[in-house]
Colleague: 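My questions all concern the structure below.
Start at 1 and go down the list; that is how both ligands and their atoms are numbered.
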Amino acid sequence: MQILILAGGKGTRLRPLTLHTPKPIVPIANRAFIYYQLDLLRPLNVDGTLEVLLSLSYQPRKIEETLTHEELGGITIRPIVEPHPLGTAGAMRNIRSRVTGTLVVFNGDILTDIDLRPLLDRHRARRAAATLVLVNVADPSAYGVVELDAEQRIRQFYEKPAPGVTSASSINAGIYLLEPEVIDLIPDGREYSFEYDLFPRLLASGLALYGEVTNAYWLDIGTPERYRQANADVLHGRLRRYPPESSPSLTADGSLVDAEATLKSGVSVIRSVVGANCYLEDGVSVVDSVVLAGSRIAEGSRLSSSIVGRGVHIGSHCVLRDAIVGDKSVVTDFSRLG
Ligand code: GTP
């Protein structure tokens with residue numbers, strides 16, 4: 001079984017967090033994001049032949065260095081660094097010579113607890129060329145919307161449709177089951193997008209294309225709001241795979257505070273994540289926020305709905321609300337951000 005994780009994007013919407021940390025390894029609940037995807041794929045490794053192809057382009061070494069042997073648990077990972085960014089479909093074309101059968105493609109920014117096995121069974125039973133996983137969302141206007149017919153065949157695709165263009169609310173979840181003939185439609189050696197370039201070509205090709213709507217937990221972690229949401233959802237057990245009881249380090253206030261963080265007197269941390277070697281001085285309060293490793297917050301500062309990168313120094317009596325502070329930044333005393 002072969003999986004391709006598309007992990008080469010620049011993650012611009014998650015800046016400044018992604019300036020020094022590519023999106024596939026930003027920490028979610030103090031653990032590099034890519035491990036959540038590998039957890040999901042592990043059950044597919046029934047016969048020990050699961051091969052995960054990791055297509056990289058932006059800061060590839062940092063991703064490769066993060067993947068440690070113990071955490072991989074018997075999965076073979078093959079990093080493939082692109083000569084230049086090839087886009088979501090160009091990345092598939094780039095690994096075509098390695099593909100031996102059905103390829104499962106995963107966007108490298110999807111947090112989900114979907115079970116892929118029944119989808120693979122139906123994909124094969126229907127002899128589909130491509131099956132797209134879809135999720136229903138309340139506001140599909142920021143996504144690729146997919147219209148299906150009664151047999152679940154894909155009828156039309158609208159990328160970020162204006163209101164009223166379609167009544168469909170199923171969006172492309174960034175998980176595809178593809179046969180090699182689909183990859184053959186992608187031109188070699190140039191940037192090519194799944195959404196804008198390959199999809200219209202696929203519709204015109206007459207190949208059997210199906211959509212599968214899933215009710216599983218699904219979140220694209222690619223914006224600051226959704227990044228915080230992903231941390232909160234893992235903490236609060238909203239993914240079946242990570243029930244709260246599996247996290248004995250959760251505090252009574254629903255927070256995850258690394259054992260190597262120091263909290264001085266009167267510190268309150270509520271529904272938040274605090275990373276290793278953080279130092280929170282007297283009276284600091286952190287609510288609905290994520291503070292990454294090695295950051296220091298001086299006395300009396302208050303953070304809510306904020307993200308603090310690695311090695312940040314926040315001075316005393318600051319107020320951060322809906323703020324995002326990049327790695328190694330210094331925020332001076334009495335600042336107001338957000
Ligand atoms: P934004 O810049 O915030 O849009 O994020 P992004 O760069 O990750 O782009 P987007 O969210 O559209 O990408 C969807 C998935 O495709 C992510 O997992 C990206 O890592 C991946 N991706 C995007 N562009 C490339 C590329 O050129 N090469 C590879 N290998 N992956 C890519």
Colleague: Ser57 versus ligand 1: do any nitrogen or oxygen atoms come within less than 3.5 Å of each other?
Modeller: no
Colleague: Closer than 4.0 angstrom, basic N to acidic O: yes or no for Arg226 and Asp220?
Modeller: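 Here Arg226 pairs with Asp220 in a salt bridge, since their nearest N and O are under 4.0 Å apart.
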Colleague: Please determine whether the number of non-hydrogen atoms from other residues, nucleotides or ligands lying under 6.0 Å from atom NZ of Lys62 exceeds 12.
Modeller: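 Yes, because the 6.0 Å sphere around NZ of Lys62 holds more than 12 heavy atoms from other groups.
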Colleague: Side chain, backbone, both or neither: which part of Glu82 has a heavy atom under 4.0 Å from ligand 1?
Modeller: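 Contact part for Glu82 vs ligand 1: side chain (C-beta onward).
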Colleague: Does Arg238 make a cation-pi contact with Tyr217 (under 6.0 Å, within 45 degrees of the axis)?
Modeller: no
Colleague: Consider every N or O of Leu86 and every N or O of ligand 1, then say whether any pair is closer than 3.5 Å.
Modeller: yes
Colleague: For ligand 1 and Gly222, I'd like to know whether there is a polar contact (N/O to N/O, distance under 3.5 Å).
Modeller: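 Gly222 vs ligand 1: no N/O contact under 3.5 Å.
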Colleague: Taking heavy atoms and a distance under 4.0 Å, where does Pro24 meet ligand 1: side chain, backbone, both or neither?
Modeller: neither
Colleague: Indicate, with yes or no, if the rings of Phe106 and Tyr176 have centres closer together than 6.0 Å.
Modeller: no
Colleague: Which residue from Val81, Leu6, Thr12 reaches closest to atom 2 (O) of ligand 1 through any of its heavy atoms?
Modeller: Thr12
Colleague: In the protein, what heavy atom is nearest to atom 7 (O) of ligand 1, and what distance, to one decimal place, separates them?
Modeller: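 Going by distance alone, atom 7 (O) of ligand 1 is nearest to Lys10 N, 2.9 Å.
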Colleague: Establish, for the pair Arg93 and Tyr192, whether the NZ or CZ atom is under 6.0 angstrom from the six-membered ring centre and no further than 45 degrees off its axis.
Modeller: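 No, Arg93 and Tyr192 do not form such a contact.
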Colleague: Checking a contact table here: which protein heavy atom is nearest atom 23 (C) of ligand 1, and how many Å away?
Modeller: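 Minimum-distance protein heavy atom for atom 23 (C) of ligand 1 reads Gly9 CA, 3.6 Å.
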Colleague: Could you find the nearest protein heavy atom to atom 10 (P) of ligand 1 and give me its residue, atom name and distance?
Modeller: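 Minimum-distance protein heavy atom for atom 10 (P) of ligand 1 reads Arg13 NH2, 4.1 Å.
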Colleague: Of the protein's non-hydrogen atoms, which lies at the shortest distance from atom 14 (C) of ligand 1, and what is that distance?
Modeller: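 Checking every protein heavy atom, the shortest distance to atom 14 (C) of ligand 1 gives Asn107 ND2, 3.7 Å.
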Colleague: Nearest protein heavy-atom contact for atom 26 (C) of ligand 1: which residue, which atom, what distance?
Modeller: Gly87 N, 3.4 Å
Colleague: For ligand 1, indicate whether the residue Ala91 contacts it via side chain, backbone, both or neither (heavy-atom separation under 4.0 Å).
Modeller: side chain
Colleague: Give the residue and atom name of whichever protein heavy atom lies nearest to atom 31 (N) of ligand 1, and the separation in Å to one decimal.
Modeller: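 Protein heavy atom with the smallest distance to atom 31 (N) of ligand 1: Gly8 N, 3.1 Å.
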